[in-house]
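These numbers come from the heavy atoms of this one structure, side chains and all, not from hydrogens, waters or symmetry mates. The structure presented is a predicted model; accordingly, all values stated were derived computationally and were not measured.
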Amino acid sequence: GVDYAIGVNSGTSGLHLAVIAAGVGNGSYLNGDGGPDLVITTPCSFIASANCILYQRALPIFVDVDPATGNIDPDQVAEAAYDLPGGAHSARRGRPPAMRESHPMLGRLKAILPIHAFGQPADMDPILEVGARHQLAVIEDACEALGAEYRGRKAGTLGNAAVFAFYPNKQMTTGEGGMIVTGDGAWADLFRSLRNQGRDVFDAWLNHSRLGYNYRLDELSAALGRAQMGRIEEMLAKREQVASWYSERLAGVDLVERPYIAPTTSRMSWFVYVVRVKPPASCNDVMRALAREGIPTRRYFSPIHLQPFYREYFGYQRGDFEVTELLGDVSLALPFSGVMSESQVEQVCECLRVAVAAAQKQ
């Protein structure tokens, strides 16, 4: 339902190009006479959604997430946008601790980058309203949300641009790859140029109109993606069935909280099945117990601001984003794919029941 779709070699590449199209990195900092450009986003995500901002020598302005969904909190987005209006501003909100003295002035706030985490769309209407009020681009990180719908509208069709990813663990795959979608023809032309070493459509083979990148989606990967897209509804339905089996079997299990589906989510696109392990059980103990039964699980997400690079470079520490940190402590991704059988789901759930019951007894 969008006008333009531009293949790239990863979701990360797509996010980088979308940030460039939003004008991030074209501000005063690059010209040596001011602070870095700013983009509002969340630390509850895969690290690429923040790194793509740093690629442009800009600054992620982190805000916390809704505790029920794990998606960016629209109220905090509005507060941050109010505290950091378009021009240079001395507000402290969101600024990394290590930069509060070294960068007394900040550059322009350019964009909002919400993440549709776990396959559930963020609450987009209030975010779009903030973007319109402050003239900010809205870039949807829809890398985990192919097929999801927000109030009957498809995730990826709501902002100025959106990015999907086709890594092997996604709802569909090209091996490696991604896609930028947009309704803006000028942005689409820019994306095609940027992904192809800066060549414009009118350029000769070795003429380059701008700084570009080798971000093309190769044709073999694209062919795989086209075949997968022909089965996308089937694959989404299978993942939904597996999620339904999990939810049925984990209903009422002590110390295990199932995923919450927001009223604004008219269709969930099940990328992962993440439960919350509540005290006195702990994720680490449950992971070890399941591993002894041959069942692999993973923590999901590890907060971006507590990653070693962000702690060292920006001075973040525990307590800066309490909801994100809590979710990082209690969230556990169970084995999940569209080819799991009902008996496999039953096995995982039974072992999970035993593991949390043991922790409760202790």
Side-chain angles (χ1 to χ4, degrees), residues 42-46 64-73 115-123 144-145 148 169 237-303 306 318-319 321-362:
T42 167
C44 188
S45 175
F46 182 61
D64 220 333
V65 295
D66 177 88
T69 64
N71 276 324
I72 195 167
D73 184 335
I115 293 90
H116 302 320
F118 317 124
Q120 174 156 226
D123 190 0
E144 298 186 353
N169 65 346
K238 287 181 176 179
R239 296 174 82 95
E240 184 175 6
Q241 177 63 77
V242 173
S244 176
W245 288 334
Y246 267 124
S247 294
E248 290 169 5
R249 285 158 176 77
L250 293 177
V253 175
D254 287 345
L255 308 185
V256 175
E257 183 179 335
R258 298 173 298 169
Y260 170 77
I261 310 299
T264 55
T265 300
S266 45
R267 185 184 189 186
M268 181 80 170
S269 178
W270 288 97
F271 168 56
V272 285
Y273 195 90
V274 176
V275 298
R276 299 179 186 180
V277 178
K278 298 185 289 187
S282 78
C283 273
N284 288 337
D285 290 342
V286 170
M287 285 175 66
R288 283 191 287 266
L290 292 175
R292 288 194 291 270
E293 301 298 323
I295 298 173
T297 54
R298 294 288 184 273
R299 305 290 289 275
Y300 205 90
F301 291 108
S302 179
L306 297 182
R318 282 196 73 91
F321 301 98
E322 293 181 352
V323 178
T324 293
E325 292 161 18
L326 173 63
L327 294 183
D329 289 341
V330 303
S331 296
L332 188 67
L334 302 179
F336 186 77
S337 79
V339 299
M340 284 185 73
S341 67
E342 189 170 5
S343 62
Q344 288 175 320
V345 173
E346 176 61 45
Q347 180 185 359
V348 174
C349 292
E350 180 57 31
C351 291
L352 181 59
R353 288 189 206 100
V354 171
V356 294
Q360 192 172 25
K361 199 172 295 184
Q362 291 171 1

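- For the atom pair Leu326 CG and Ser331 OG, the distance stands at 8.0 Å (nearest 0.5 Å).
- Taking SG from Cys349 and CG from Leu250, the interatomic distance works out to 4.0 Å, rounded to the nearest 0.5 Å.
- Residue pairs satisfying the side-chain hydrogen bond (donor to acceptor under 3.5 Å, both in side chains) criterion with at least one member in residues 259-268, sequence neighbours excluded, are listed as follows: Gln120-Thr265, Glu233-Arg267.
- Each of Asp285, Asp329, Leu332, Thr297 was compared with Val277 under the side-chain contact (heavy atoms from CB on, under 4.5 Å) criterion, and only Leu332 meets it.
- With contacts defined as side-chain heavy-atom distances shorter than 4.5 Å, the pair Glu293/Val348 does not qualify.
- Taken to the nearest 0.5 Å, the CZ atom of Arg249 stands 5.0 Å off from the CD atom of Glu346.
- Side-chain atoms of Arg239 come within 3.5 Å of backbone atoms of Phe271 as a donor-acceptor pair (strictly under, hydrogens ignored).
- Between Asp66 and Ala68, the closest heavy-atom pair is OD2-N, 2.9 Å.
- For the residue pair Phe336 and Ala243, the shortest heavy atom distance occurs at CE1-N, 3.7 Å.
- The shortest side-chain heavy-atom distance between Pro335 and Met340 falls under the 4.5 Å cut-off.
- For Glu350, the side-chain hydrogen bond (donor to acceptor under 3.5 Å, both in side chains) test picks out Arg353, with sequence neighbours left out.
- Ring geometry, Tyr273 versus Tyr246: the interplanar angle falls under 30°, so the pair is classed parallel (tilted spans 30 to 60°).
- Around atom OH of Tyr300, more than 12 heavy atoms belonging to other residues, nucleotides or ligands sit under 6.0 Å away.
- Closest approach of Pro296 to Gly294, counting heavy atoms only: CD-O, 3.5 Å.
- Ring orientation note: the planes of Phe118 and Phe301 are close to parallel, at an angle under 30° on the 30°/60° scale.
- Put simply, the side chain of Asn71 gets close to the backbone of Ala117: a donor and an acceptor are under 3.5 Å apart.
- Among all heavy-atom pairs drawn from Val242 and Ser337, the shortest one is CG2-O, 3.4 Å.
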After noting the C-alpha distance and the side-chain angles of Val356 and Val253, does the key distance pass the side-chain contact (heavy atoms from CB on, under 4.5 Å) rule?
CA-CA 9 Å; Val356 294; Val253 175; 4.2 Å; yes

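- Separation of atoms CH2 (Trp245) and OG (Ser343) is listed at 8.5 Å; rounding is to 0.5 Å.
- Note that OG of Ser45 and NE2 of His116 are 11.5 Å apart. Values are rounded to the nearest 0.5 Å.
- To the nearest 0.5 angstrom, Ser244 atom OG is 4.0 Å from Glu248 atom CD.
- Taking both residues in full, the closest heavy atoms of Gly328 and Arg299 are given as O-NH2, 3.1 Å, listed atom of the first, atom of the second, then distance.
- Shortest non-hydrogen contact noted between Ala148 and Gly119 is CB-O, 3.5 Å.
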Could you go through Val339 and Lys238, starting from their C-alpha distance and side-chain angles, then the distance that decides it, and tell me whether this counts as side-chain contact (heavy atoms from CB on, under 4.5 Å)?
CA-CA 7 Å; Val339 299; Lys238 287 181 176 179; 5.9 Å; no

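- Using a 4.5 Å heavy-atom threshold, the side chains of Leu306 and Arg318 count as touching.
- Side chain of Glu325 to backbone of Gly319: a donor-acceptor contact under 3.5 angstrom is found.
- Within the 3.5 Å criterion, the main-chain N or O of Glu322 finds a donor-acceptor partner in the side chain of Asp64.
- The number of heavy atoms from other shown groups lying within 6.0 Å of CD (Glu240) does not exceed 12.
- Between Ile72 and Ile115, every side-chain heavy-atom pair lies at or beyond the 4.5 Å cut-off.
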